[in-house]
Amino acid sequence: MAKFDEKYFGGSDDQPYDISSLVGADEEIVWQGKPNKKAFVLNNVLKMLPFALIWLCFDGFFIYMMLANNIFAELGGFAILIVVFFAIHLIPVWIWIHNIVTASARHKNIDYVFTNKRIIIKSGLVGIDINNIYYTEISNVNLRVGIVDKMCGVGDIYIKATSSAQVLWDIDSPYAVVNNLQKIVNDIKTDVHFPNDLRPQDNHGFNTKYKG
C-alpha cells in the first residue's frame, strides 16, 4: 500500500492561514471583510449574561449557605463530591466566561470573502476551519439586526444553503452587503440556468458580470 502523502493536494503544515491564498487563480474577490471587533466582543459578553448571572446567583446562594453553616466541614470527605457537583453544575457560567476570554482570539481568525464563484468563511480558535458555500446552493440570505448591532451599526447575515447554514457575524454596512450578496446569488443562478448566450433576443436578462 502506498504511503499517504498529505501534501498531495498542496497542503503544508507551515502554510499560513491567509484566506486570500484560498482564492483560485480563476476567481475574483468581490468583497472581503470580518466582524466588527467592538460589536463582536460586546455581543459575546452580553449573549449569555442574564442567564449566566441568574445561574451563578442560584448556585452561589447554596454555596454561601453551606459555607456559613459549616456544612462542608461536617460532610468530611463527601465535601469533595459537593465541590465537583457545583463545578459541573456551573458549566453554563464557564461557557460564558470562555466566550468572553476567547472572543478577541476568535475574532482574529475570522475572515469572510465573496468571490465570483463562492463564499469562503474562515474561523476557529486553536485550529482553523474553512467553509465554502457556492452561490448555486444558496436558498436564502437574511439579515438580523439586534439592539447591540443597531448601536454599533452592524448586522448578522444568515445564509441558508442546500447542505449547510452559516452566519456572518457583526458585519459593517450590513444592508449594503446583503443587497450585494443577494444580487450576486441571483445573477449567478440566472447565468447557470439561463446563460447569456442562450437567452432569446427579446429577453435582455440580467446582464450579469459574474460569468463562469
Side-chain angles (χ1 to χ4, degrees), residues 4-41 43-44 102-145 149 152-198 205-212:
F4 173 70
D5 183 4
E6 63 182 5
K7 297 182 181 180
Y8 180 80
F9 292 100
S12 175
D13 292 338
D14 56 358
Q15 183 179 359
Y17 288 103
D18 182 5
I19 197 167
S20 61
S21 65
L22 301 173
V23 179
D26 59 341
E27 284 184 278
E28 177 186 349
I29 294 179
V30 179
W31 177 87
Q32 182 172 357
K34 63 190 297 119
N36 178 290
K37 186 172 183 178
K38 177 183 176 182
F40 185 80
V41 173
N43 273 315
N44 275 273
T102 62
S104 182
R106 285 184 287 116
H107 173 270
K108 183 180 179 180
N109 289 333
I110 296 176
D111 280 299
Y112 306 129
V113 165
F114 299 167
T115 75
N116 57 336
K117 292 186 176 181
R118 56 180 169 152
I119 297 172
I120 307 173
I121 300 173
K122 180 171 80 75
S123 61
L125 179 57
V126 178
I128 299 296
D129 297 324
I130 304 295
N131 289 288
N132 295 283
I133 304 177
Y134 289 87
Y135 297 118
T136 52
E137 299 176 351
I138 296 176
S139 57
N140 285 303
V141 176
N142 297 310
L143 175 65
R144 179 181 177 185
V145 180
D149 297 332
C152 297
V154 301
D156 302 327
I157 300 175
Y158 288 75
I159 302 172
K160 184 179 180 182
T162 305
S163 58
S164 65
Q166 295 287 335
V167 182
L168 310 185
W169 301 105
D170 305 310
I171 300 299
D172 289 312
S173 305
Y175 297 101
V177 175
V178 164
N179 286 337
N180 290 334
L181 177 57
Q182 288 175 332
K183 183 180 186 305
I184 295 173
V185 172
N186 186 53
D187 287 346
I188 291 292
K189 284 189 173 183
T190 300
D191 269 356
V192 169
H193 296 292
F194 305 101
N196 286 334
D197 292 340
L198 299 181
F206 290 90
N207 296 318
T208 173
K209 297 179 181 178
Y210 311 99
K211 298 181 179 179

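Computed from a predicted structure; not experimentally measured.
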Which atom of [X] lies closest to which atom of [Y], heavy atoms considered:
X	Y	answer
V145	G155	CG2-CA, 4.1 Å
Q166	I133	CG-CD1, 3.5 Å
P35	I110	CD-CG2, 3.4 Å
R144	D149	O-OD2, 3.9 Å
K37	S104	NZ-OG, 3.5 Å
D111	K34	OD1-NZ, 3.8 Å

- prompt: If you measure only the distance, is there a donor-acceptor pair under 3.5 Å linking the side chains of D172 and N36?
  reply: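 Yes, side-chain donor-acceptor contact under 3.5 Å.
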task: For the pair Y158 and W169, name the ring-plane relationship: parallel under 30°, tilted 30 to 60°, perpendicular over 60°.
output: perpendicular
I need the [X] [atom1] to [Y] [atom2] distance, nearest 0.5 Å.
X	Y	atom1	atom2	result
I138	I159	CD1	CD1	5.5 Å
Y134	I188	OH	CD1	12.0 Å
S123	L168	OG	CG	10.5 Å
I120	F114	CD1	CZ	11.0 Å
D156	D170	CG	CG	5.0 Å
N132	I119	CG	CD1	10.0 Å

field: Given E137, E28, E27, the one that forms salt bridge (Lys or Arg N to Asp or Glu O under 4.0 Å) with R118
entry: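 Exactly one option meets the salt bridge (Lys or Arg N to Asp or Glu O under 4.0 Å) with R118, and it is E27.
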message: Let's go through H107 and N44 carefully: what are the C-alpha distance in whole Å and the side-chain angles of both, what is the deciding distance for side-chain contact (heavy atoms from CB on, under 4.5 Å) to 0.1 Å, and is it a yes or a no?
response: CA-CA 11 Å; H107 173 270; N44 275 273; over 6 Å; no
message: Within the structure provided, determine whether I171 and V154 are in side-chain contact (heavy-atom separation under 4.5 Å).
response: no
- prompt: Does any non-hydrogen side-chain atom of V177 lie less than 4.5 Å from one of W31?
  reply: yes
message: When you measure from the side chain of N179 to the backbone of Y175, do you find a donor-acceptor pair of N or O atoms at a distance under 3.5 Å?
response: yes
